[in-house]
Amino acid sequence: MDILAGLNAAQREAVQYIKGPLLILAGPGSGKTRVITHRIAYLVKTTGVSPRHIMAVTFTNKAAREMQQRLQKLLGSLSEQVWAGTFHAICARILRRDGKSLGLDTNFVIYDEEDQQSLVKQCLLDLDLDPRQYNPQKIRNAISQAKSQQITHDGLTARARSPWDDIVCRVYERYQEQLGQSNAADFDDLLMKVVQLFEKHPAALEKYRSRYLHLLVDEFQDTNLIQYKLIRLLGGKHRNVCVVGDPDQSIYSWRFADIRNILSFEKDFPDARVIVLEQNYRSTKNILGAASAIISANKKRKEKDLWTDNTEGTPVFLVKTYNEQEEAQFVANEILKLSGSDSIKPGDCVVMYRTNAQSRAVEEAFMRYGLKYKLVGGTRFYQRREIKDTIAYLRVIQNPFDNISLSRIIRIPGRGIGAKTLSDLTNWARENNLSLFTAVKAVNEGGGPGFGAKINTALAGFYRMLNDLIMEGQQLNLIKLIDTVLERSGYRETIRGEEDGEERWENIQELRTVAADYDDLPPGEGLAPFLEKVSLVADTDEIESREDTVTLITLHQAKGLEFPIVFIVGLEEGLLPHRRSMEEGGDELEEERRLCYVGVTRAERNVYLMHTVRRAIFGMSSESTPSRFLDDLPEHLVERKGMIPGEEQPGGNVRVRAKRWRDEDEGINIADLLAKKSGLPQPSAGLAEVNPGDRVRHAKFGDGQVIGVRVTGQDREVIVAFEDSGVKKLLLSMAPLEKI
DNA sequence: GCAAACATGATTTTT
DNA sequence: TCATGTTTGC
């Protein structure tokens, strides 16, 4: 197979330029992944580089997996020798192997954000600081930010400028101490410690440098300082570093991604070749034009000239609806319409939004319309309480000094050990500089802070159970171990008795399925790799896409995906751009704009940019203003739908508004058919022509005059001033009203 | 120690 | 509005 076949000139150049630093600026839909994988294949097949000498770094497991799969197709089994992984997975592996000199034992646990937060809270308590006064979340974030720049506790102390900084520093110090005692590393540590390792131990660095002679980095615009440092260290000698990214798609600065890394790259590698991939293979001309218009308004930006050979396509639809219910209803209606008349299926459609809360209205409408949907994100699998609990048990078995996991499971299920006991125990452990596990052991041996007989018995039972499980952990295969843990701890019984216990239990069974991959390993040896896997994986493998299922997703998560039909809802000031990014400086606003750009550039055929007149936020409905991003759309690329300016009437002329997207549709209205068939209330149906000023008669209240009409969800609320019964609010669909 | 009342504050979330 | 964490009463 010819590796270069089907590549355009720029792509080909990027594939063939293999010696020395290379920066690829890849516009959306420009075949970026193709270039990376073909480049690797080219290195191996054409220039004879051993796949063992290639490392490819990604941000997500999904990206790593996809890369691996595509390499498999190009290279066959040779592809397995390429080290393709996420920053965190790669670093974790390096630390397991070589982290001893940094005080990390090979079986260290990896703390996720929730664990980090618990630890911060504990540290605050240890330091006699009130967690309500000093927000643990903010402190966690500050520590994470410091680590992302390789600023140690000492370094942070040196630059502390305010009382708040001092608090952060004190917590940071204790926090690191506690991580050490628990033989734990948080996500940031994985990176920071590898950099420390390489800086302190040149031999270790040399080992990896001489092994991985070709380095590729995907989504380079999302790297933070420490990640870039790592790349420089690993690639600094052979300088065969290829980074691929798009500054216009940088949307993770709040995770400390630093767009300046792209500039630094050109400074640190002055001889770097820069290749820009500008041809787009994904979208129509109109969509690309709209996207370019939006992103061009950013000031701090490298100009890129995207173009496409694709057709012009339909205009970008600019849709205005009254509120979020009608917005969602429009989406549902449109999807049904498209899938009736066009070659489009619901599975080709995606609804994107800025905040997760916005999915609600969409879900409700989809349920009414009988549309299947898949919500991406939400409460993620490994974040679920029952999953975290189960994993915490397993972690303690693997590493009893893991204080955070131990304090999680000691009270669950209830075994007569409560908050008070736990805090006494924790304090005693702290005073004696012991781990929680050792403290429990001490109580069992007649020491400890001195509890009553009842608590002593409870703790003794807990300690015995843990010991048994630790022992048996050595002798059981993973699945048997998990079953034993759930049974012996009483967790199974407890969880199944709870509300939605069955669902939770099924989730645990799902975890057990993941464990099946490690069940064939010899007794005792499956646990460690299993825990590694679940610590570094944010989600279960994606459910395969189905033809009949619409995807609901945040704009952030949509990066890297593509769909024929894209709906972006809530393009309103305060939502997109989000109000929190409007407060200060232009930088965050520019990022919001990039977010919008990412959304639009996901589309292949159609884009619907939607906004409302009123939207409920935190339960309170208020007027909304169309997003400033919409102002930048050139009129000739746009077609308006929904409420058309100039045609609306003050007071809310319901009929005209509803008509717009229902009656102009040629052909049958599938939604109506569906609704009738299923016997569900027909959305937005039965709209009587009622306007303020009309005289009406009510069966009970008598005659009156309509003084207002308001849209509420699917219905209209009519306010009528009755001659005899006073002012009443009535639902148009329910009230026995007739016009007189 | 635990359940129910109460207060609070609420983007985005690759690992 | 609603989910989460904290206080309160048994």
Side-chain angles (χ1 to χ4, degrees), chain A residues 57-65 85-92 110-118 121 130-132 135-137 140-141 144 147-148 185-191 218-219 221-224 226-227 249-257 324 352-358 360-361 376-380 382-383 385 411-422 452 454-455 458 499 532-539 553-561 570 574-583 588 591-592 594-596 598-599 615-621:
Chain A
V57 194
T58 63
F59 272 86
T60 65
N61 291 297
K62 191 172 156 233
R65 197 167 51 234
T86 65
F87 273 104
H88 292 86
I90 286 173
C91 288
I110 298 166
Y111 279 178
D112 68 12
E113 242 164 77
E114 197 188 324
D115 302 322
Q116 289 178 42
Q117 192 128 328
S118 314
K121 248 190 222 162
D130 184 359
R132 276 170 313 178
N135 182 327
Q137 167 106 37
R140 190 204 59 76
N141 204 47
S144 180
K147 288 183 174 185
S148 78
D186 62 24
F187 283 139
D188 304 305
D189 280 343
L190 294 177
L191 297 151
D218 193 14
E219 306 281 16
Q221 79 281 351
D222 289 337
T223 51
N224 62 29
I226 198 95
Q227 287 160 337
Q249 293 185 64
S250 159
I251 53 173
Y252 282 101
S253 73
W254 51 278
R255 300 277 303 215
F256 318 120
E324 69 271 22
M352 300 179 186
Y353 36 79
R354 177 67 235 262
T355 68
N356 283 306
Q358 289 173 260
R360 197 188 183 87
V376 179
T379 315
R380 294 204 303 293
Y382 287 101
Q383 301 282 91
R385 177 163 60 82
R411 290 172 302 157
I412 308 169
R415 48 172 71 86
I417 303 168
K420 180 71 168 63
T421 308
L422 178 58
K454 215 165 152 190
I455 288 171
E499 205 177 339
E532 176 94 354
K533 155 129 183 160
V534 299
S535 302
L536 293 174
V537 160
D539 227 326
I553 196 169
T554 62
L555 285 158
H556 279 92
Q557 288 190 298
K559 195 180 68 164
L561 306 178
L575 254 187
L576 185 64
H578 198 274
R579 52 172 52 71
R580 293 278 277 257
S581 39
M582 292 160 68
E583 282 155 12
E588 289 179 68
E591 182 148 318
E592 294 290 304
R594 291 195 290 270
L595 199 49
C596 183
V598 164
R615 179 177 299 271
I617 291 173
F618 305 148
M620 281 254 289
S621 172

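As a basis for the values below, the full set of heavy atoms in this structure was taken, side chains included, without hydrogen atoms, waters or symmetry mates. By convention in this document, chain letters (A, B, ...) are assigned in the order of the sequence lines, proteins followed by strands, and residues within each chain are numbered from 1.
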Take A:Thr355 and A:Gln358 through the test side-chain hydrogen bond (donor to acceptor under 3.5 Å, both in side chains) and record every step on the way to the result.
-> CA-CA 6 Å; A:Thr355 68; A:Gln358 289 173 260; 3.2 Å; yes
NA contact type, A:Ala63, heavy-atom cut-off 4.0 Å: base, sugar-phosphate, or nothing?
-> nothing
Without swapping roles, check the side chain of A:Gln383 against the backbone of A:Arg380 for a donor-acceptor pair under 3.5 Å.
-> no
Using a cut-off of strictly less than 4.0 Å, decide whether A:Arg360 has a side-chain nitrogen or oxygen near OP1 or OP2 of C:dC2.
-> yes
Mind calculating the distance between CD (A:Glu113) and C1' (B:dT14) to the nearest angstrom?
-> 11 Å
Assign B:dT12 to syn or anti; the rule is syn for a glycosidic angle within 90° of 0 and anti otherwise.
-> anti
Would you give a per-nucleotide map of nucleotides 4-10 of chain C, 5' to 3', where B means the base has a protein non-hydrogen atom under 4.0 Å away, S means only the sugar-phosphate does, and - means neither?
-> --SS---
Rounded distance in Å between the C1' positions of C:dG5 and B:dT12 = 23 Å
Have a look at A:Gly560 and say if it touches a base, only the backbone sugar-phosphate, or nothing, with a 4.0 Å heavy-atom cut-off.
-> nothing
For the ring pair A:Phe87 and A:Phe59, is the centre-to-centre distance below 6.0 Å?
-> yes
Validation row: A:Ile251, A:Val598 side chains within 4.5 angstrom (heavy atoms) = yes
Hey, does the side chain of A:Arg594 reach the backbone of A:Ser250 with a donor-acceptor pair shorter than 3.5 angstrom?
-> yes
With DNA chain B as reference, determine whether A:Leu555 or A:Ile455 sits nearer its 5' end, using the nearest nucleotide of each.
-> A:Ile455
Check nucleotides 5-7 of chain B against the protein and report each pair of N or O atoms closer than 3.5 Å, with its distance, or say if there are none.
none

In whole angstroms, how far is the P atom of B:dT14 from the NZ atom of A:Lys559?
-> 11 Å
Measure from CZ on A:Phe187 to C1' on B:dT15 and round the result to the nearest Å.
-> 4 Å
Could you state the atom-to-atom distance from CD1 of A:Ile90 to P of B:dT14 in whole Å?
-> 19 Å
Assign A:Thr58 to base, sugar-phosphate, or nothing according to its heavy-atom contacts below 4.0 angstrom with the strands shown.
-> nothing
Take the protein atom CD of A:Gln137 and the nucleotide atom C1' of B:dT8, then report the distance between them rounded to whole Å.
-> 14 Å
Would you say the side chain of A:Ser621 lies within less than 4.5 Å of the side chain of A:Arg615, judging by non-hydrogen atoms?
-> no
How many Å lie between CD on A:Gln116 and P on B:dT15, as a whole number?
-> 14 Å
Of A:Ser535 and A:Gly418, whose closest DNA chain B nucleotide lies nearer the 5' terminus?
-> A:Gly418
Over how many whole Å does the gap from A:Leu191 atom CG to B:dT15 atom P extend?
-> 13 Å
Is A:Cys596 close to A:Leu576 at the side-chain level, that is, under 4.5 Å between some pair of heavy atoms?
-> yes
Could you run down the sub-3.5 Å N/O contacts of the protein with nucleotides 9-12 of chain B?
residue, atom, partner, partner atom, Å
B:dT11, O4', A:His578, NE2, 3.2
B:dT12, OP1, A:Asn356, N, 2.8
B:dT12, OP1, A:Asn356, ND2, 3.4
B:dT12, O4', A:Arg354, NH2, 3.2
B:dT12, O2, A:Trp254, NE1, 3.4
B:dT12, O2, A:Arg354, NH2, 2.4
B:dT12, O2, A:His556, NE2, 3.4

Does A:Leu536 offer a backbone N or O that forms a donor-acceptor pair with the side chain of A:Asn61 under 3.5 Å?
-> yes
Return no unless some side-chain N or O of A:Arg415 is found under 4.0 Å from OP1 or OP2 of B:dG1.
-> no
CG (A:Asp189) and CD1 (A:Ile110) are apart, to the nearest 0.5 Å, by 10.5 Å
Could you tell me the separation between the CD1 atom of A:Ile412 and the P atom of B:dC2, rounded to a whole number of Å?
-> 11 Å
Salt-bridge test for A:Arg580 and A:Glu588: reply yes if a basic N is under 4.0 Å from a carboxylate O, no otherwise.
-> no
A:Lys559 pairs by side-chain contact (heavy atoms from CB on, under 4.5 Å) with which of A:Thr554, A:Asp222, A:Ile553?
-> A:Asp222
Taking only N and O in the side chain of A:Asn61, is any of them less than 4.0 Å away from OP1 or OP2 of B:dT15?
-> yes
A:Tyr252 and A:His556 aromatic centres sub-6.0 Å | yes
Just by distance, do the side chain of A:Glu591 and the backbone of A:Ser253 share a donor-acceptor pair under 3.5 Å?
-> yes
